[in-house]
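Encoded as structure tokens, the structure appears first; notes follow it.
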Protein chains: 2
Amino acid sequence: MSPDPTAGPTTDLITVVLVDDHAMFRRGVRAELEAAGAGVVRVLAEAADVDEAVRAVAAHAPDVVLLDVHLPGGGGVEVMRRSNAPGTRFLALSVSDAAEDVIGTIRGGARGYVTKTITGPELVAAIKRVSEGDAVFSPRLAGFVLDAFAGSIELAAVDEDLDRLTEREREVMRLIARGYAYKEVAKELFISIKTVETHMSSVLRKLQLSSRHELTRWASDRRLL
Amino acid sequence: MSPDPTAGPTTDLITVVLVDDHAMFRRGVRAELEAAGAGVVRVLAEAADVDEAVRAVAAHAPDVVLLDVHLPGGGGVEVMRRSNAPGTRFLALSVSDAAEDVIGTIRGGARGYVTKTITGPELVAAIKRVSEGDAVFSPRLAGFVLDAFAGSIELAAVDEDLDRLTEREREVMRLIARGYAYKEVAKELFISIKTVETHMSSVLRKLQLSSRHELTRWASDRRLL
DNA sequence: GCGAGGATCAGGGGCGTCCCCGATGGTGGG
DNA sequence: CCCACCATCGGGGACGCCCCTGATCCTCGC
């Protein structure tokens, strides 16, 4: 929004490391940044895979890393996981606009995510904003992130499985996933332990799980708790 | 970033409902929007509490609701919860920059969060971006949201408990929390089931938990998996 | 009416979980 | 040297989890 002098250097050049496995694409981005970002952005180094990227980040401690999501050696998330760079912010730059890529990358610690359809000036603006501490998303992607954060995402995907459960089964499932023992579920729902067992049996079968532990993780992954 | 014709009206006026319990502040915002946002933003209605806000949103179906976080009758989150307005986006406008307010509001479904230190032109720009589907945060706040989302919060608090575990106990704990049975942990670590039981006993005691289910949730909440 | 499916419950069995008791060996500090 | 702590293991027991078979009652739709 407005320059924030506490969040990053706005007077000096913003230093950038560029990570992408396609040399041609790196060349293009670099050219765009040198054209549209002259006087604003400076590319310190490039990297073509995870190992190179980690080394480059460690060596140059850039303000911003432009990070491809799909990358030989583990993907962009792996780069962030293996990099210990407090002053560095990661901006994902990917062809993918799939929700799982976006969300996974944000979970991994990226401060923004833009698609490769972006233009040079827009990319420069995005880098600038990320370096100032702002979060940047292509408009189309912002919804994914906030929806996921609000816990309302992938309900569509879940529903295929979840809809096959009856109302009562869902109640039992919710309590079990939250760590209730069968006995406690029974008391909570005013039914016998045996009925709880019957419902759980159905739940596990319908969700293709084999134990309450898997159920806990399943529900936790989908934020159903 | 760039106008996205699929995400919202950019040619017409962006319609706004203004929710704040202070008439003086509403008046000020309205004046700013009419000055800086002339030809861009149009305020359809104002509301001073949750009930009024819900009614105003339902009646006018605005593009954007400028929403105070602390509000008589339940707060801004309550307004979003009770409003069924698919085409409407909520932009929180608050004095508070507390992490819990920001995160709670985003969880509640807001598409952005700016503080009242914002200037008129910045607010107009924020409204415009939100109406286009983008996410807007004051730079200082973006960090909260993404940190919370990446789950890197409260790691400091964990260490106090976690440090009391021995190395071996941590290994066992990690596997158990991931859903391994005692038998599987034993095989994985080349020790007997009995040793696994001993370690688990220590882990549960030290973490003040009473079952592996609680441990799973404990670790899951802290993203130690 | 009759079958399908949902909700309720029982008995019994195999195995997992968690605890109690105990034991041995290693390691490091007072 | 002894004590504290750790890692390793065992027996045995109470209870929880999950499955199986089998049952009753209800509702809904054909």
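The chains referred to below are lettered A, B, ... by the order of the sequence lines, with proteins before strands, and numbering in each begins at 1.
When rounded to the nearest whole Å, the span between CD1 of A:Ile176 and C1' of D:dC18 equals 11 Å. The nearest whole Å value for the distance from the NZ atom in B:Lys183 to the P atom in D:dC18 is 14 Å. The distance from atom CD of A:Glu171 to atom C1' of C:dG6 is 13 Å, rounded to the nearest whole Å. In this structure, B:Tyr180 atom OH and C:dC18 atom C1' are separated by 22 Å, rounded to whole Å. When rounded to the nearest whole Å, the span between CD of B:Glu214 and P of C:dT17 equals 15 Å. Rounded to a whole Å, the CG atom of B:Leu215 is 12 Å from the P atom of C:dT17. At whole-Å resolution of the value, CZ in B:Arg205 and C1' in C:dC20 are 14 Å apart. Rounded to a whole Å, the CG atom of A:Leu204 is 11 Å from the P atom of D:dC20.
For the pair B:Val41/B:Leu13, no side-chain contact is recorded, criterion being any heavy-atom separation below 4.5 Å from C-beta on.
For A:Glu169, the listed nucleotide lying nearest its side chain is C:dA7; candidates were C:dG16, C:dC18, C:dA7. For A:His213, whose side chain is taken as the heavy atoms from C-beta onward, the closest listed nucleotide among C:dA7, D:dC19, C:dT17 is C:dT17.
Close to D:dT8, at under 4.0 Å from its OP1 or OP2, lies a side-chain N or O of B:Arg168. Residue B:Arg212 places at least one side-chain N or O under 4.0 Å from the OP1 or OP2 atom of C:dT17. For C:dA7, the OP1/OP2 oxygens have a side-chain nitrogen or oxygen of A:Thr166 closer than 4.0 Å.
Remark: B:Lys194, B:Glu197, B:Met200 in residues 184-200 of chain B come within less than 4.0 Å of DNA chain C through at least one heavy atom.
Ion pairing between a basic and an acidic side chain is recognised when a charged N comes within 4.0 Å of a carboxylate O; A:Arg82 and A:Asp51 show such pairing. The residues B:Glu184 and B:Lys187 are annotated as not salt-bridged, no charged nitrogen and carboxylate oxygen being separated by less than 4.0 angstrom. Using a 4.0 Å cut-off between charged side-chain N and carboxylate O, A:Arg174 and A:Glu171 make no salt bridge.
The nearest pair of heavy atoms linking A:Ala186 to A:Ser192 is CB-C, 3.9 Å.
Remark: the B:Thr15 side chain and the B:Asp63 side chain contain an N/O donor-acceptor pair separated by less than 3.5 Å.
In terms of modelled atom types and a separation under 3.5 Å, the side chain of B:Thr195 and the main chain of B:Ile191 share no donor-acceptor contact.
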